[in-house]
Amino acid sequence: MLEAKLDQASILKKVVDAIKDLVQDCNFDCNDSGIALQAMDNSHVALVSMALKAESFQPYRCDRNIALGLNLTSLTKVLRAAQNEDMLTLRAEDAPDSLNLVFESKADDRISEYDLKLMDIDQEHLGIPETEYAATITLPSSEFRRICTDLMALSESVTIDASKDGVKFSCTGDIGNGAVTLRSHTNVDKPELNVDIELSEPVSLTFSLKYLVNFCKASALSHQVKICLSNEVPLLVEYALENQSHLRFYLAPKIGD
Amino acid sequence: GKQQRSILGFFSKA
């Protein structure tokens with residue numbers, strides 16, 4: 001059976017909130033190392049990869065592999081009943097028909113309990129090759145969201161150029177052009193505002209802004225986001241959580257001309 | 001213009 005308790009319901013609420021517009025039905029794959037999810041969006045342009053490691057739960061118990069087939073809209077309805085600060089426990093039998101969720105308030109003795117029906121989801125897993133990215137950029141997640149939403153007002157696509165001069169996000173639209181350039185920057189007092197650019201070779205890639213703006217819904221999970229690029233391969237956008245848990249998005253580039 | 005690629009063109013079915 002599975003028993004997994006989060007000290008803060010907000011972690012799962014934020015993760016599900018960040019992916020529910022990209023993915024509707026998906027398996028939460030539970031094993032002794034934690035709970036993982038891998039799913040593509042309907043158009044097969046983006047891939048979501050979540051790992052909530054066993055260490056992120058206290059306690060965590062999962063005797064054998066269990067796939068929890070979840071509709072994320074339904075899960076969202078149940079999670080809305082949890083306060084951010086509540087402790088959240090997930091429970092399931094070995095071959096479950098339903099997922100049991102318990103929300104416990106720390107402030108008072110309120111306990112709420114829900115059973116969510118599960119579904120059989122035949123999901124194909126993709127092998128993601130280990131990649132040494134040519135450019136790895138770490139920046140405030142709020143800054144990345146701002147750049148993506150600002151540029152989406154002008155264009156459907158953004159070109160990301162990483163070079164020794166910095167990283168430039170630029171777009172061309174019917175009403176005109178826009179570009180934002182960031183350089184490495186260290187803020188001693190507020191390291192969450194740091195911008196770090198690691199580059200082994202220059203990169204230039206174009207991506208759909210609609211997807212990037214969607215990924216930015218995960219900004220609530222982490223002050224910083226890491227974006228990794230290599231020419232002609234999907235972009236990796238990673239929001240790191242405690243205990244090496246993470247939420248990753250991969251986005252196929254636009255190629256041509 | 002540039003064409004949107006599929007993620008399936010990069011990641012293989014495991």
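Numbers restart at 1 for each chain; the letters A, B, ... are given by sequence-line order, proteins then strands. Keep in mind the model is a prediction, meaning the values are calculated, not measured. Hydrogens, waters and symmetry mates play no part in the numbers below; they use all other heavy atoms, side chains included.
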dist B/Leu8:CG -> A/Leu47:CG (nearest 0.5 Å) comes out at 9.0 Å
Would you name the heavy atoms of B/Phe11 and A/Gly127 that are closest together and state the gap between them?
CB-O, 3.5 Å
Are there over 12 heavy-atom neighbours, none belonging to A/Lys168, within less than 6.0 Å of that residue's NZ?
no
Report the distance from atom NE2 of A/His125 to atom NZ of B/Lys13, rounding to the nearest 0.5 Å.
13.5 Å
Heavy-atom closest contact (A/Ala252 atom, B/Ser6 atom, distance)
CB-C, 3.8 Å
Give a yes or no on whether A/Lys254 atom NZ has more than 12 heavy-atom contacts from other residues, nucleotides or ligands under 6.0 Å away.
yes
When rounded to the nearest 0.5 angstrom, what distance separates CG in A/Leu205 from NZ in B/Lys2?
8.5 Å
Does a sphere of radius 6.0 Å around CD in A/Glu156 hold more than 12 heavy atoms from other residues, nucleotides or ligands, not counting ones at 6.0 Å or beyond?
no
Among B/Gln3, B/Gln4, B/Arg5, which residue satisfies the side-chain contact (heavy atoms from CB on, under 4.5 Å) criterion with A/Ile255?
B/Arg5
